[in-house]
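In what follows, every chain begins at residue 1, and chains take the letters A, B, ... in the order their sequences are listed.
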Amino acid sequence: MAKRTITEEFKKGLWAENAVLRLLLGMCPALAVTNSAINGLVMGLASTFVVVCSSTMVSTIRRLVPRQVRIPTYIVIIAGFVTLADLFLKAQFPAISKALGPYVPLIVVNCMIMSRAEFFASKHPLKPSMADALGTGLGFTGVLVVLGSIREILGFGSIFDIVIMTEEAFTPWVIMILPPGAFLSLGLMIGIINHFTELRKKRSGI
Amino acid sequence: MDDTQKKDPPQKTAGESKPAQSGPASPAAERFIVSSSPHLLTEENIPKIMYSVIYALLPTVLVSVYFYGLRALVLVLVCVVSCVATEYLIQRFRERTVTVFDGSAIITGMLLALTLPPGFPLKGAFLGSVFAMAVGKHFFGGLGYNIFNPALLGRAFLQATYPVLITTWAEPFSGPAGVDAVSAATPLALMKFEGQVVPHLNLFFGNVAGSLGETSALAILIGGLYLRYLGYINWRLPLGYLASMVFFSYLFWLYDPLSYADPLFHILAGGAMLGAWFMVTDYVTTPVTPMGQWIFVICAGLLAVIIRLFGGLPEGVMYSILLMNATVPLLNKWTKPRVFGEVS
């Protein structure tokens, strides 16, 4: 594999190797908490914080961890940062913390974070690991905000709690704030993106 | 014989090398066509069957227009036009052959409209039609590839999208359905939430509140029997479904006739008739083997009765069919008859 610069490591997580749209990792929070844009944003930022911190730490201690116990080690590290994020949200943004419910503690088992630790941070030095984690986290946040916005616009007629369509002009689609709405919109997003990626590949191939 | 041999020599080499392609140009080649099955050609094709289903649905549409006024007709037309338009656009976009005139999109539109309340907003009907066609049919690959009945999927989507609007029913003959129509509960809702039983004759002729196609069991029966007469539907599916519903509701009725409705009420009320004759009999989303069809209809009937009696919603036909649709690939696989002489 060709060696990539730090900028490239950062950029790949945003689109080309986007955790949700491309690798289909971290689907649980992406589906569960995106019934409004603000929930998506907070969940994305909390996950970004956790992935950056845990990747930094995993990369720092990568030579000290015996191979046999690496997964438990990563989980303990991730759980530590998740507890930090959870307590911070509870103290500073109790309303949003309540809305996110159990999904903040569940960041511990987000495969996106685990994949960064296992596939990247444990094999790369500090700087590329941080860039990679930051790119992945921000890419994840972006998808969650877009998905949350789509569902909030169609399900409540508002975005970031700002009303853009009144009840009279637009009957909200209740389905969009229910789980099926998450599956439908995420599936459509991935399908459309795959379609255009294929199309571009075909065009550039010819 | 002599005649053939006389004409044969000039054609012989061509005929030997490509027997299947020799056209009707020579009578000899016509007599010795070698081709793969099917060997029997009939006049049946997709458009012919589909248009027969459309004719079979017409009595139901007419009855709904009689009971609910022209608004019902508008609803049907909006659904049909938006289904056809969606199919056309998707097929153009995907660069496939445009098959909007084979009638299947029209049927989906009609069936979807028949599952909606007469005063349902036209915007919502349009949305449901687009969903039924795009997600229910073309995302799976188009006609013949869809797992779920597209019309029912559209209806399920609308049920989750507009839970209030889709359960706002109008009394028959209460004027142009819409804002000023008298709202009423469907027979199933009356049964479930208030313990009232609507007379069977009203259910049979259709003088009840409900979706367009929930009203008259008689009109649906006429259409269904017409399709059976043409041989396009199999008696096993509709009758098996209804019999299964009768059987399971009979058990509950025997147990407690006061709190559970009688079996006849169950098959006459709600979407049971429409579901049995037009949705369970869908070629694409039901099993192909007789054994599979039996399992399908018995389980679907049981599910419908259970949802009606114990579920949160008064009507269970839609979910019973959709749930069983999901099992069809497995049923087809498990009930595949063994080839003669095959050793397992």
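Neither the backbone nor the side chain of A:Leu154 comes within contact range of chain B; no heavy atoms are under 4.5 Å apart. Of the two parts of A:Leu184, only the side chain, counted from C-beta on, holds a non-hydrogen atom closer than 4.5 Å to a non-hydrogen atom of chain B. Of the atoms belonging to A:Pro180, not a single heavy atom falls under 4.5 Å from chain B.
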Would you sort out whether B:Lys123 and A:Phe170 count as a side chain to side chain contact (heavy atoms under 4.5 Å, CB included), showing the intermediate values?
CA-CA 10 Å; B:Lys123 264 193 297 183; A:Phe170 173 79; 5.9 Å; no
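Environment of CD1 in B:Ile46: sparse, with no more than 12 heavy atoms of neighbouring residues, nucleotides or ligands closer than 6.0 Å. Crowding of B:Tyr283 atom OH: a count of heavy atoms from other residues, nucleotides or ligands under 6.0 Å exceeding 12. Other residues, nucleotides and ligands place no more than 12 heavy atoms under 6.0 Å from the CE atom of A:Met130. Under a cut-off of 6.0 angstrom, the local environment of NZ in A:Lys12 is crowded, with over 12 non-hydrogen atoms contributed by other residues, nucleotides or ligands. Within 6.0 Å of CZ in A:Phe49 there are more than 12 heavy atoms belonging to other residues, nucleotides or ligands. Shown here is A:Phe160, whose CZ atom has more than 12 heavy atoms of other residues, nucleotides or ligands within 6.0 Å. No more than 12 heavy-atom neighbours from other residues, nucleotides or ligands sit within 6.0 angstrom of CE on A:Met57. In B:Tyr319, the OH atom is crowded: over 12 heavy atoms of neighbouring residues, nucleotides or ligands sit closer than 6.0 Å.
Contacts between residues 155-163 of chain B and chain A, counted as heavy-atom pairs separated by less than 4.5 Å, involve B:Phe157, B:Ala160, B:Thr161, B:Tyr162, B:Pro163.
Annotation: maximal heavy-atom pairing with chain B below 4.5 Å, among A:Leu178, A:Ile177, A:Ile175, occurs at A:Ile175.
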